[in-house]
J.: 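Could you have a look at this structure, given as structure tokens, before my questions?
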Protein chains: 2
Amino acid sequence: MTETARPLRRDAQRNRERILLAAHDVFATRGFAATLDDVAHHAGVGVGTVYRRFPTKEALIEALFADRLEDLVSLAEDALALPSGWDGLTMLLRRSVGMHAVDRGLRDAALCIGIDKHHFAKVGEHLLPLVQDIFDRAHAEGSLRADVGIHDLPIIMATVTDLARHTPPGRPEIFRRFLEVVIDGLRASPENGDLGPAITQEDVEAIVHDCVPPIEPRRRT
Amino acid sequence: MTETARPLRRDAQRNRERILLAAHDVFATRGFAATLDDVAHHAGVGVGTVYRRFPTKEALIEALFADRLEDLVSLAEDALALPSGWDGLTMLLRRSVGMHAVDRGLRDAALCIGIDKHHFAKVGEHLLPLVQDIFDRAHAEGSLRADVGIHDLPIIMATVTDLARHTPPGRPEIFRRFLEVVIDGLRASPENGDLGPAITQEDVEAIVHDCVPPIEPRRRT
DNA sequence: ACTAAGTGGAGGTGATTCCTCAACTTCTGC
DNA sequence: GCAGAAGTTGAGGAATCACCTCCACTTAGT
């Protein structure tokens with residue numbers, strides 16, 4: 001396993017980059033549901049070339065998103081730098097929904113963090129404690145309703161970004177509007193009812209699991 | 001066109017009823033995405049029998065849901081009978097989400113009302129004014145935030161019931177919880193920001209259109 | 001100019017859906 | 001009971017879609 005990979009021929013290297021560029025575009029608009037055939041067409045290369053470079057869709061996705069997810073870590077850090085816990089939380093929500101609306105692949109990747117052991121595990125380790133801090137701060141401040149927790153976040157994100165997916169490209173006001181309603185519903189207020197028992201990790205997995213197109217294709221034997 | 005249909009043979013009539021019963025079950029769990037082959041299996045008849053009785057999926061859906069949608073009209077009437085406008089609105093939301101979670105076919109049909117000229121037009125004519133009254137009453141009362149309007153309803157319903165679709169059958173708490181957050185976000189409050197320009201009918205059509213499986217199949221020439 | 005590396009894209013595989021049709025079965029009126 | 005109309009069946013045709021393989025061809029690099 002310590003085998004050093006030989007360097008690619010120059011044309012192959014160029015094609016690899018074209019594929020990654022095309023994949024960025026295609027996954028941004030179609031999310032994980034995009035096909036490698038699609039990517040090949042956009043890159044102007046044959047399908048075979050894509051499969052030679054990235055043996056499975058999984059490999060391409062990892063190459064594409066592993067470090068792009070770091071943007072979310074930066075965002076969380078920025079949110080924690082704000083003086084107000086509430087402002088931090090709402091900034092996290094607004095900005096990440098915005099990013100996910102622009103790049104649906106990023107959205108699918110981000111949702112994977114919470115439900116998948118091996119994909120993007122490293123980013124998850126960085127991100128989750130930050131998000132926890134953001135929630136803790138808002139709770140301590142008394143601005144975030146007490147019965148909402150960190151496990152609600154994936155559900156909110158999945159739901160709002162799914163709406164974003166369906167809204168016409170030119171009208172982001174629509175899902176933003178919905179997000180604002182949700183945000184206002186998250187604010188602690190004496191008028192709020194009680195939400196009952198918290199969401200569990202299993203709930204999140206069960207729900208988010210089929211809000212994301214599968215990375216590995218359906219292979220029936 | 002004034003041709004009187006001959007009465008069905010007795011066994012055919014029995015089969016027709018079995019098909020409708022099975023269709024009820026199948027559409028309840030799979031929504032409009034269910035196939036007529038599915039219905040046939042559940043009914044214990046051949047596919048051909050289903051296609052003989054209901055030439056298209058459309059015909060079966062109309063036969064199934066035309067009057068079941070009246071339940072929503074009754075619900076709206078009940079909501080209007082409550083003394084408080086806010087209670088009426090939240091009852092409409094909670095009960096219809098509950099109904100749609102239990103019967104995904106009903107959900108798809110209800111969403112069709114707002115976006116489709118010819119299906120379920122009659123029910124729509126009854127329902128829409130009632131819903132408008134419910135919103136007007138809550139607005140007049142000052143309990144519903146002023147920048148939310150009737151066109152937000154399909155979007156909210158589509159989003160929350162879509163979440164309901166993904167939640168495990170035994171855990172309705174999850175989408176109910178989310179709905180409560182949304183409801184609390186709809187309440188007028190001095191802390192709320194402004195939502196900006198209202199949703200238009202075109203927005204609703206564009207969004208809800210692809211939140212519902214198409215009634216008519218993809219027929220390429 | 002020779003060879004290993006790389007390429008293209010038609011097409012195999014398998015899943016899924018819609019719907020037809022021709023051989024068969026059952027009902028109903030006489 | 002029987003003729004024939006009405007009804008049934010389910011295998012399978014046709015269309016679509018995604019994944020991926022294969023091998024005759026091209027090209028980089030020494």
Side-chain angles (χ1 to χ4, degrees), chain A residues 3-23 26-27 29-62 105 108 210 212-221, chain B residues 3-23 26-27 29-62 105 108 210 212-221:
Chain A
E3 205 174 330
T4 320
R6 318 199 32 264
L8 289 178
R9 234 168 61 177
R10 204 149 52 239
D11 56 338
Q13 182 59 36
R14 185 166 35 80
N15 274 340
R16 202 189 117 98
E17 270 145 30
R18 289 216 278 163
I19 289 167
L20 282 171
L21 239 42
V26 171
F27 279 99
T29 59
R30 300 234 283 132
F32 286 1
T35 72
L36 293 204
D37 292 53
D38 241 351
V39 172
H41 273 108
H42 275 248
V45 304
V47 234
T49 305
V50 175
Y51 279 97
R52 157 170 285 258
R53 216 44 74 209
F54 303 95
T56 77
K57 189 148 94 172
E58 208 171 336
L60 177 55
I61 284 175
E62 275 173 5
D108 289 345
D210 63 6
V212 178
I215 295 190
E216 325 203 10
R218 307 243 143 287
R219 295 230 69 75
R220 314 269 135 183
T221 88
Chain B
E3 207 173 330
T4 320
R6 329 223 346 289
L8 290 177
R9 233 167 64 175
R10 203 148 53 238
D11 56 339
Q13 181 60 35
R14 184 166 37 80
N15 275 341
R16 202 189 118 99
E17 270 145 29
R18 290 217 278 164
I19 290 167
L20 282 171
L21 239 42
V26 171
F27 279 100
T29 61
R30 299 234 284 134
F32 285 2
T35 72
L36 294 204
D37 292 56
D38 241 351
V39 172
H41 273 107
H42 276 249
V45 304
V47 233
T49 305
V50 175
Y51 280 96
R52 157 172 284 259
R53 215 44 74 210
F54 302 95
T56 79
K57 189 148 93 171
E58 208 173 334
L60 177 55
I61 284 175
E62 276 174 4
D108 289 345
D210 62 6
V212 178
I215 295 190
E216 325 202 9
R218 306 245 143 285
R219 295 231 68 74
R220 314 267 135 182
T221 87

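Chain letters run A, B, ... following the sequence lines, proteins first, then strands; residues in each count from 1.
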J.: Can you measure E58(B) atom CD to dC18(C) atom P for me and round it to whole angstrom units?
T.: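 Rounded to whole Å, this separation is 13 Å.
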J.: Between atom NZ in K57(A) and atom P in dT21(D), what is the gap in whole Å?
T.: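 After rounding, the gap between these two atoms is 15 Å.
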J.: Rounded to the nearest Å, what distance is computed from the CG atom of residue L60(B) to the P atom of nucleotide dC18(C)?
T.: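 Whole-Å distance recorded here is 12 Å.
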J.: Begin from the C-alpha positions of F27(B) and V39(B) and carry the test side chain to side chain contact (heavy atoms under 4.5 Å, CB included) through to its verdict.
T.: CA-CA 8 Å; F27(B) 279 100; V39(B) 172; 4.1 Å; yes
J.: Determine whether R18(B) and N15(B) satisfy the following criterion, side chain to side chain contact (heavy atoms under 4.5 Å, CB included), listing intermediate values before the conclusion.
T.: CA-CA 5 Å; R18(B) 290 217 278 164; N15(B) 275 341; 3.6 Å; yes
J.: For residues P213(A) and D108(A), report the shortest heavy-atom separation together with the two atoms involved.
T.: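 The pair with the smallest heavy-atom distance is CD-OD2, 3.6 Å.
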J.: I want to check one thing: is the phosphate of dT9(D), taken as OP1 and OP2, less than 4.0 Å away from some side-chain N or O of T49(B)?
T.: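 Yes, T49(B) has a side-chain N/O under 4.0 Å of OP1/OP2 on dT9(D).
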J.: Expressed as a whole number of angstroms, how long is the span from I215(A):CD1 to dA18(D):P?
T.: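 Answer to the nearest Å: 17 Å.
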J.: Residues from residues 8-16 of chain B sitting under 4.0 Å of DNA chain C, heavy atoms only?
T.: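 Heavy-atom cutoff 4.0 Å gives R9(B), R10(B), D11(B).
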J.: Can a donor-acceptor pair be found, under 3.5 Å and without considering hydrogens, that links the side chain of H42(A) to the backbone of D38(A)?
T.: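 No, the answer is negative, given that no donor and acceptor are paired below the 3.5 Å cut-off.
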J.: Expressed in angstrom and rounded to an integer, what is the separation of H41(B) atom NE2 from dC19(C) atom P?
T.: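 It is 17 Å, rounded to the nearest whole Å.
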J.: Apply side chain to side chain contact (heavy atoms under 4.5 Å, CB included) to residues D37(B) and Y51(B) and explain how you reach the verdict.
T.: CA-CA 9 Å; D37(B) 292 56; Y51(B) 280 96; 4.0 Å; yes
J.: Can you figure out which of dG6(C), dA10(C), dT17(C) approaches the side chain of R52(A) most closely?
T.: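 Comparing dG6(C), dA10(C), dT17(C) against the side chain of R52(A), the answer is dG6(C).
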J.: Could you go through T35(A) and R30(A), starting from their C-alpha distance and side-chain angles, then the distance that decides it, and tell me whether this counts as side chain to side chain contact (heavy atoms under 4.5 Å, CB included)?
T.: CA-CA 9 Å; T35(A) 72; R30(A) 300 234 283 132; 3.9 Å; yes
J.: When you check the phosphate oxygens OP1 and OP2 of dT7(C), does a side-chain N or O of R53(A) lie under 4.0 Å from one of them?
T.: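 So the side-chain polar atoms of R53(A) do come within 4.0 Å of the phosphate oxygens OP1 or OP2 of dT7(C), strictly under.
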J.: To the nearest Å, how far apart are D37(B) CG and dC19(C) P?
T.: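 About 9 Å, once rounded to whole Å.
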J.: Taking CD1 from I19(A) and C1' from dG8(C), how many angstroms apart are they, rounded to a whole number?
T.: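 Answer to the nearest Å: 12 Å.
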J.: I'd like to know if the side chain of K57(A) reaches the main chain of P214(A), judged simply by a donor and an acceptor atom lying under 3.5 Å from each other, with no hydrogens or angles considered.
T.: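 The answer is no, because no donor-acceptor pair under 3.5 Å joins these two groups.
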J.: Roughly how many Å is it from CG in L36(B) to C1' in dG10(D), rounded to a whole number?
T.: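 Going from CG in L36(B) over to C1' in dG10(D) covers 15 Å.
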